[in-house]
J.: 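Below is one structure. I have some questions about it.
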Amino acid sequence: MVAEMSKGLVVGPSQTQAQNPIAQFQGKFKELEKEFKAWLAKQSLAVEATVVTATSAAQGAAIGAFMGTLTNDVSPSFPTPPPNAASLNPQAMASLKQAQALSGGPLVQARNFAIMTGVNAGISCVMKRIRGKEDVQSSMVAAFGSGAMFALVSGMGGPNQAANVISSGVFFALAQGGLFQLGQKFSQPPADDVFYSKTRSMLTNLGLQNYEKNFKKGLLTDNTLPLLTDSALKDVRIPPGPRLLILDHIQRDPELKERRGSHA
């Protein structure tokens, strides 16, 4: 009876997605991405690293070309080195190269970004395959290689090429290492979230994710799912319609239904 009433109340998430072309496109894209990653993981290290480097470089080139269009109006100020470039102070010549690298047009920036993203992704891929994990050390090694290669190609830095390559690599490594650590810190869910993983999944599937706070307020953790009653859901101020959907889901879920029977 609960199932029949719930069918007449709310249109399921799957039906809503079927009517939304954007959701359909996102779903198909995620499926293709998942299949591509699964295929790539089965390839040799050389093939995987080559594909990852090429695809990342292409993405970086596209971003760089776009950024280059924003600075294209500045690049004519530094078209070519002056005729007396040989007599310039080495530090002045290095400053000129830096200005050209930063103000280059779409082609220059596409090259720079392709180098940075491609080398970074390629080294990260190799490190992950060899070490079996992706951590801050691997991230910093990849960033060092990316920074060093960028310095070689763009001419950024001082007149000493070797020192320039090393300093750029170290700068990139420290910057990416800090960002990696910061991202890890903020991406970790709160400690109490582990007690609501199944609850969150259930509510998301039903399109009722807004009621997760109600479950947490009432301390209705994953362990209480098989024990939920209409009265318990009502106590945490969940409306009648969502209550019916939740109870129907629990009744239909084989695992929860079995656990519910064991508690009866």
Side-chain angles (χ1 to χ4, degrees), residues 33 36-37 40-41 43-72 74-75 78 89-190:
E33 184 180 24
F36 175 74
K37 288 182 177 180
L40 196 59
Q43 307 307 309
S44 65
L45 175 58
V47 172
E48 182 181 10
T50 301
V51 173
V52 169
T53 301
T55 54
S56 298
Q59 294 174 356
I63 296 174
F66 173 74
M67 296 295 294
T69 59
L70 303 180
T71 59
N72 197 30
V74 183
S75 58
F78 309 95
N89 181 282
Q91 189 64 45
M93 193 65 187
S95 300
L96 176 62
K97 290 182 178 180
Q98 291 181 23
Q100 289 176 324
L102 292 174
S103 63
L107 292 179
V108 173
Q109 297 302 336
R111 177 203 64 188
N112 292 345
F113 276 77
I115 290 295
M116 286 190 292
T117 57
V119 172
N120 192 305
I123 297 178
S124 295
C125 175
V126 173
M127 294 292 292
K128 183 178 180 181
R129 181 74 78 93
I130 294 176
R131 304 182 70 226
K133 59 181 179 179
E134 187 176 1
D135 54 14
V136 65
Q137 288 84 2
S138 297
S139 179
M140 291 181 70
V141 170
F144 179 87
S146 174
M149 187 59 68
F150 170 72
L152 282 173
V153 173
S154 67
M156 290 286 290
N160 190 325
Q161 187 73 351
N164 173 31
V165 168
I166 295 175
S167 60
S168 296
V170 170
F171 174 78
F172 273 59
L174 292 176
Q176 186 156 316
L179 292 175
F180 186 93
Q181 293 284 58
L182 193 63
Q184 288 288 96
K185 180 179 179 180
F186 284 98
S187 64
Q188 293 178 352

J.: Of all residues at least two apart in sequence or in a different chain, which pass the side-chain contact (heavy atoms from CB on, under 4.5 Å) check with I115?
T.: V119, M149, V153
J.: Mind checking the CE-CZ spacing from M116 to R111? Nearest 0.5 Å is all I need.
T.: 10.5 Å
J.: Show the nearest heavy-atom pair for residues I123 and G145, with the distance to one decimal.
T.: CD1-CA, 3.8 Å
J.: Which heavy atom in T53 sits nearest to a heavy atom in G118, and how many Å separate them?
T.: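 Heavy-atom minimum between the residues: CG2-O, 3.4 Å.
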J.: Say you draw a straight line from CE of M140 to CD of Q181; how long is it, rounded to the nearest 0.5 Å?
T.: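 That separation rounds to 9.0 Å.
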J.: How long is the span from the CD1 atom in I63 to the CD atom in Q109, to the nearest 0.5 Å?
T.: 12.0 Å
J.: For S138, give me all partners under side-chain hydrogen bond (donor to acceptor under 3.5 Å, both in side chains), at least two apart in sequence or on another chain.
T.: R131, D135
J.: Report the residues that fulfil side-chain hydrogen bond (donor to acceptor under 3.5 Å, both in side chains) with E48, sequence neighbours left out, ordered by chain and then residue number.
T.: R129
J.: How would you list, by chain and number, every residue that makes a side-chain contact (heavy atoms from CB on, under 4.5 Å) with F36, sequence neighbours excluded?
T.: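 Here the qualifying residues are W39, L40, V51.
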J.: Which pairs, with at least one residue in residues 160-170 and sequence neighbours excluded, count as a salt bridge (charged side-chain N to carboxylate O under 4.0 Å, His left out)?
T.: none
J.: On a heavy-atom basis, which atom in E134 and which in F180 lie closest, and how many Å separate them?
T.: O-CZ, 3.9 Å
J.: Could you pull out the closest heavy-atom pair between S124 and A142, with the gap in Å?
T.: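 Scanning both residues, the minimum pair turns out to be OG-CB, 3.1 Å.
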J.: Out of curiosity, S139 OG to F144 CZ, how far, rounded to the nearest 0.5 Å?
T.: 14.0 Å
J.: What residues form a side-chain contact (heavy atoms from CB on, under 4.5 Å) with A61, not counting sequence neighbours?
T.: A110, A114
J.: Search all heavy atoms of Q161 against all heavy atoms of A151 and return the closest pair with its distance.
T.: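 Closest heavy-atom pair between Q161 and A151: NE2-O, 4.2 Å.
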J.: Applying side-chain hydrogen bond (donor to acceptor under 3.5 Å, both in side chains), name anything that partners S146, two or more places apart in sequence or on another chain.
T.: none
J.: List the residues meeting side-chain contact (heavy atoms from CB on, under 4.5 Å) with S56, not counting sequence neighbours, and say none if there are none.
T.: V52, A121
J.: So which heavy atom on A148 is nearest to which on V165, and how close?
T.: CB-CG1, 3.4 Å
